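Beneath this line is the structure, given in structure tokens, with notes to follow.
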2 protein chains.
Amino acid sequence: MYRDEHLQIDMSGQVEFDTRRLTLTRKEFELLAMLARNAGEIVPRDILLSTVWGYCEGTRTRTLDVHVRRLRRKLGGLGDTYIQTVFGVGYRFERYRAPRPLLTYSMPAFAATA
Amino acid sequence: MYRDEHLQIDMSGQVEFDTRRLTLTRKEFELLAMLARNAGEIVPRDILLSTVWGYCEGTRTRTLDVHVRRLRRKLGGLGDTYIQTVFGVGYRFERYRAPRPLLTYSMPAFAATA
DNA sequence: GCGAAGTTGTAAAGATTTTGTAAAAGCAGG
DNA sequence: CCTGCTTTTACAAAATCTTTACAACTTCGC
């Protein structure tokens with residue numbers, strides 16, 4: 001369903017992060033799957049709440065946010081990178097892109113002994 | 001059908017664990033076989049119940065769990081290792097992997113007599 | 001065919017995990 | 001600076017799993 005160099009999400013419910021299998025609860029997985037399915041797109045909170053929780057439009061709850069918190073924590077240092085907040089709208093799953101390598105010159109060997 | 005350094009499962013119904021022949025009942029074997037056939041994958045309870053028991057989707061029963069319990073007990077100390085619970089979803093058969101040996105120096109023979 | 005032994009399903013009690021949410025604090029935006 | 005949204009944490013409720021015991025059913029041996 002989704003794959004990049006850090007994260008792999010299967011339809012079956014298995015999620016692998018940096019070659020470690022993540023233990024996600026059912027709701028956590030459903031949320032992650034929903035976001036990953038719409039990777040790169042902003043998914044409004046109402047859509048997330050109705051799809052994952054079956055809540056009516058306009059329901060005011062912090063349930064979603066707490067689950068986002070729990071997911072981010074399980075995604076370690078990249079939690080905030082993968083799941084981004086769009087203020088007042090919802091969340092967006094951002095595909096991981098390795099930073100473009102900077103152009104560098106090779107340091108002289110003696111300088112490297114520091 | 002499946003083999004690792006501890007467990008061996010034959011199509012014929014024979015199961016060997018640490019060189020001892022396990023005596024599994026018919027249902028126990030069918031369950032183990034189904035799990036082992038999908039080793040590494042999460043198998044939802046509904047799939048297990050319909051495949052092994054012929055139950056309808058959505059049937060609420062603890063039959064499966066009790067059989068898992070019986071199986072785990074027959075697998076001795078590795079029962080929990082081989083058959084893992086995926087909360088709210090089902091079970092997963094995990095292949096046994098020996099822990100990667102740590103790099104060590106060889107102990108002198110005299111020290112090993114302790 | 002019958003009794004014994006084994007297998008299987010399930011109830012029920014207890015344990016464990018998941019989930020929802022309150023509340024306080026932090027932060028974004030106007 | 002204020003309002004409203006997000007984050008965080010803790011806790012209780014809900015859901016699920018585990019365990020054990022027992023009854024019913026099936027199989028086996030005589």
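The chains referred to below are lettered A, B, ... by the order of the sequence lines, with proteins before strands, and numbering in each begins at 1. Note that this is a predicted model, so its numbers are computed, not measured.
Summarising the local packing, CD of B:Glu57 is surrounded by 12 or fewer heavy atoms from other residues, nucleotides or ligands at distances under 6.0 Å. Around the CZ atom of A:Arg21, the shell of radius 6.0 Å holds more than 12 heavy atoms that belong to other residues, nucleotides or ligands.
Rounding to the nearest 0.5 angstrom, the gap separating the CZ atom in B:Arg97 from the OG1 atom in B:Thr81 is 12.5 Å.
In this structure, A:Thr85 does not reach the D:dC5 phosphate: none of its side-chain N or O atoms is under 4.0 Å from OP1 or OP2. In this structure, B:Tyr91 reaches the D:dT18 phosphate: one of its side-chain N or O atoms is under 4.0 Å from OP1 or OP2. Between C:dT8 and B:Thr63, no contact under 4.0 Å exists linking OP1 or OP2 to a side-chain N or O. Between B:Tyr55 and C:dT8 there is no side-chain N or O to OP1 or OP2 distance below 4.0 Å. Between A:Thr25 and C:dT19, a side-chain N or O to OP1/OP2 separation shorter than 4.0 Å is present.
Residue A:Val66 is in base contact, counting any heavy-atom pair closer than 4.0 Å across all strands shown.
Along DNA chain D, the nucleotide nearest to B:Arg73 and the one nearest to B:Gly88 differ in position, and the one closer to the 5' end is contacted by B:Gly88. Each of A:Leu64 and B:Leu24 lies near DNA chain C, and the nucleotide nearest B:Leu24 is the one positioned closer to the 5' end. Along DNA chain D, the nucleotide closest to B:Arg60 and the one closest to A:Arg45 are compared, and the more 5′ of them pairs with A:Arg45.
Checking A:Thr63 against A:Thr61 by side-chain atom types alone, a donor-acceptor pair falls below 3.5 Å.
Here D:dA10 is the nucleotide among D:dT18, C:dG29, D:dA10 with the atom lying nearest to any side-chain atom of A:Arg70. In this structure, of C:dA12, C:dT8, D:dG4, it is C:dA12 that holds the atom nearest to the side chain of B:Arg62.
With hydrogens and angles left out, the side chain of A:Arg69 and the base of C:dG20 share no donor-acceptor pair within 3.5 Å.
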